[in-house]
Structure formats: C-alpha cells, structure tokens
> 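Following this message is one structure expressed as structure tokens.
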Amino acid sequence: MSVAEKENPRDNYYVQTVNMDAPPPPAPQMQPFQRTYGNPAPLGMMAYGTVFLCSSILTLASKSVGQPNLVLVFATFYGGISQTLVGMWEMFLGNTFSATVFTTYGGFNLSFGALYLPQIGLAAAYTVDGVVGQEFYNAIGIYLAIWDLITFLFCDLGAIRTTAPIVVTLGFTICALTCLSINAFTGNPHFATAGGALGIIASFGAYYGALSLFWTQQTTFSFIRLPPLITAPSNV
C-alpha cells in the first residue's frame, strides 16, 4: 500500500467526526398561511331584526300607512339577499344550524316581499270586482301559520342551547306569527296589534344578539360590551 492509501481512511474518519459533532443547520421552512374568517351571524341577525321591525311598525300604524309596500324594500334587498348569503357563508364555516336558519329566513323574506309585488299578481288572483276577497287573507293566514311552525321547530329543536337573545327572538317570533295568522283568518284587529308589538320585541332580541357579537378590543370599549348570554354550558 502507498502512503496516500493509508492516510485516506484516517482523513475520512476525521471528516465524519466533525460532521457528527457539528451538524449543518436545518433549512428554513415557510410557515403555513392561516386564513381568518369573519363571523357572518351579526349581519344575518341585523337583517332579520330590521325586516321584522319594519313590518311590525307598519302593522301597528296600519291606519296611518295604507299601503305597507315599504316592507318590499327591506324584505327583498336587505333581509332576503343578506340572510341567504349569510346562510351560505355559515354552511362554508361548518355551522349547519345557523346556515339552515339564515337561508330559510332569507327565503321567507324574499317570499314575503313578493306578496307586495304587483307583478306576482297574488292579490289580483283573489280580487273580484276590484275588491280583495277573504280567500286572499285566508291564504295569508296559512302562509304565516306554516312559517310559524318552521320557527317553532327551529326554536325547540335547535336553539335551546345557543344564547338567550336567539331563544327570545325565535320565541317572540312564534307568538307574533301566531297572532298575525289569527288576524288574517278572523280580521280581529287586536291580534294584529299584538302581533306587531311582539314582532318589535323579537326584532330587538335579534339586534341584541347581533351587537353582542360585534365587540372587539380594537373597536369597542370594554365597559359597553354586551354579553352573549349563553343559555347552557358546553359540557351539559
């Protein structure tokens, strides 16, 4: 063997020893991008409360406001569109109950606004000699009763463990729709008055629920924070 051949293994030994004692630093890794999403629920609750508030005020002021067509604007372009979008966003975020509720009431607002749209011709179909017949009001009573049932199912089967504002909103909505449905069947003005008053309470419940979700340290003082009022702890 030559001298070079004897030295090569020793040289390799020293190289390996150095590599084991001082490993090279790991290559830098990029941190994964974390996307944040806003909470769409306040928008849906604000839209719900606003449409119900407008409808209830016009119900109470029926003597001074002959044509309640203003509801068409709120129900279609704010409540209907906004709540439908909120429902789709909630579905994307994985909130099945919220997605179902907001999308359902988005459809309710769109259909409710269509009641006052002349192009739909709903009232004209029940008009004889220029007078809207009782069949039209009976149809409205059935319409409101169906939505009353849907709201009852939402409240009893899906909202009991959420927050007090949601339960209050849905509960007073049930009472308001019940009174308005009876008024449509019977024509008793006292039920219309009760339905309008209960609807205003339901709308303020929706407003409270929306505002309780607005609070952040960057935008709101801590002393004006509205608690969400959770009805049941998560471990129950």
Side-chain angles (χ1 to χ4, degrees), residues 44-84 87 100-157 159 168-206:
M45 298 191 72
M46 289 290 290
Y48 182 95
T50 301
V51 175
F52 217 162
L53 180 63
C54 175
S55 175
S56 299
I57 291 176
L58 292 178
T59 299
L60 294 176
S62 59
K63 294 183 179 179
S64 58
V65 182
Q67 297 296 328
N69 289 19
L70 180 63
V71 180
L72 172 64
V73 179
F74 282 104
T76 303
F77 297 101
Y78 186 33
I81 296 176
S82 297
Q83 287 187 284
T84 302
T100 305
V101 171
F102 285 123
T103 306
T104 299
Y105 281 112
F108 167 70
N109 285 321
L110 290 172
S111 63
F112 188 72
L115 295 177
Y116 301 95
L117 195 63
Q119 288 78 2
I120 299 295
L122 183 62
Y126 297 94
T127 301
V128 179
D129 297 330
V131 179
V132 179
Q134 181 60 35
E135 292 183 358
F136 171 75
Y137 298 103
N138 292 340
I140 296 298
I142 295 173
Y143 170 83
L144 295 175
I146 292 173
W147 284 108
D148 193 12
L149 174 62
I150 293 174
T151 307
F152 176 80
L153 296 176
F154 282 154
C155 183
D156 286 357
L157 300 181
V168 169
T169 299
L170 294 177
F172 277 95
T173 299
I174 293 170
C175 298
L177 291 177
T178 300
C179 292
L180 294 174
S181 178
I182 295 175
N183 168 257
F185 284 118
T186 63
N188 191 328
H190 298 293
F191 285 104
T193 302
L198 293 170
I200 291 177
I201 298 175
S203 65
F204 279 104

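Residues take their numbers from the sequence shown, with the count starting at 1. If you're wondering where the values come from, they're calculated on a predicted model, not measured in any experiment.
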> Just how far is it from atom CG of L144 to atom OG of S181, taken to the nearest 0.5 Å?
5.5 Å

> Should F77 and L72 be marked as a side chain to side chain contact (heavy atoms under 4.5 Å, CB included) after you check the CA-CA gap, both sets of side-chain angles, and the distance that decides it?
CA-CA 8 Å; F77 297 101; L72 172 64; 5.6 Å; no

> Using the rule given for ring-ring contact (aromatic ring centres under 6.0 Å, His included), can you reason through F108 versus F112, listing the C-alpha separation, both sets of side-chain angles and the distance that settles it, and then say yes or no?
CA-CA 6 Å; F108 167 70; F112 188 72; 5.8 Å; yes

> Show your working on side chain to side chain donor-acceptor pair (under 3.5 Å) between Y105 and T151 and close with a plain yes or no.
CA-CA 9 Å; Y105 281 112; T151 307; 2.5 Å; yes

> With a sphere of 6.0 Å drawn around CZ of F136, does it hold more than 12 non-hydrogen atoms of other residues, nucleotides or ligands?
yes

> Throw together a table of side-chain donor-acceptor distances under 3.5 angstrom for residues 117-124, partners on residues two or more places apart or in other chains.
none

> For a 4.5 angstrom cut-off between non-hydrogen side-chain atoms, does V132 reach Y137?
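Yes, their side chains come closer than 4.5 Å.
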
> Are the side chain of S55 and the backbone N or O of V51 linked by a donor-acceptor pair below 3.5 Å?
no

> Could you grab the distance from atom CG of L110 to atom CG of L115, nearest 0.5 Å is fine?
11.5 Å

> Within the distance-only criterion (no hydrogens, no angle test), does the side chain of N188 pair as donor or acceptor with the backbone N or O of N183 below 3.5 angstrom?
no

> Counting only heavy atoms not in F191 (residues, nucleotides, ligands), do more than 12 fall under 6.0 Å from its CZ?
no

> In Å and rounded to the nearest 0.5 Å, what is the OG1 to CG distance from T193 to L60?
6.5 Å

> Would you name the heavy atoms of G106 and T84 that are closest together and state the gap between them?
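So the minimum-distance heavy-atom pair works out to CA-OG1, 3.6 Å.
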
> For Q134 versus A184, what's the shortest heavy-atom pair and its separation?
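Nearest pair, atom of Q134 first, then A184: NE2-O, 3.5 Å.
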
> Minimum heavy-atom separation for S111 to Y143, with atom names?
OG-OH, 2.7 Å

> Give the minimum heavy-atom separation between I174 and F152, together with the two atoms involved.
CD1-CA, 3.4 Å

> Could you measure the distance from the CZ atom of F102 to the CG atom of N109? Nearest 0.5 Å is fine.
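The distance works out to 11.5 Å.
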
> Please report the closest heavy-atom contact between S56 and G195, naming both atoms and the distance.
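Heavy-atom minimum between the residues: OG-O, 4.5 Å.
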
> Should we say atom CZ of F74 is surrounded by more than 12 heavy atoms from elsewhere, each under 6.0 Å from it?
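Counting other residues, nucleotides and ligands, CZ of F74 stays at 12 neighbours or fewer.
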
> In terms of side-chain heavy atoms, does S203 have a donor or acceptor partner in Y48 at a distance below 3.5 Å?
no

> Applying the side-chain contact (heavy atoms from CB on, under 4.5 Å) criterion to L177, which one of I146, D148, I182, I150 satisfies it?
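The single option meeting the side-chain contact (heavy atoms from CB on, under 4.5 Å) with L177 is D148.
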
> Look only at the side chain of S82 and the backbone of G44, and say whether a donor-acceptor pair between them is shorter than 3.5 Å.
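Side chain of S82 to backbone of G44: no pair is present.
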
> After noting the C-alpha distance and the side-chain angles of F172 and C155, does the key distance pass the side chain to side chain contact (heavy atoms under 4.5 Å, CB included) rule?
CA-CA 10 Å; F172 277 95; C155 183; over 6 Å; no

> Do I142 and F185 have side chains that get closer than 4.5 Å, going by heavy atoms?
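Sidechains of F185 and I142: in contact.
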
> To check you understand the geometry: which heavy-atom pair defines the closest contact between T169 and T173, and what is its length?
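Closest pair (atom of T169, atom of T173, distance): O-OG1, 2.6 Å.
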
> Rounded to the nearest 0.5 Å, what separates atom CD in E135 from atom CD1 in I140?
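These two atoms lie 12.5 Å from each other.
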
> Return yes when atom OH of Y116 has more than 12 non-hydrogen atoms of other residues, nucleotides or ligands closer than 6.0 Å, and no otherwise.
yes

> Going from SG on C179 to CG on L198, what distance comes out if it is rounded to the nearest 0.5 angstrom?
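So the gap between those two atoms works out to 5.5 Å.
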
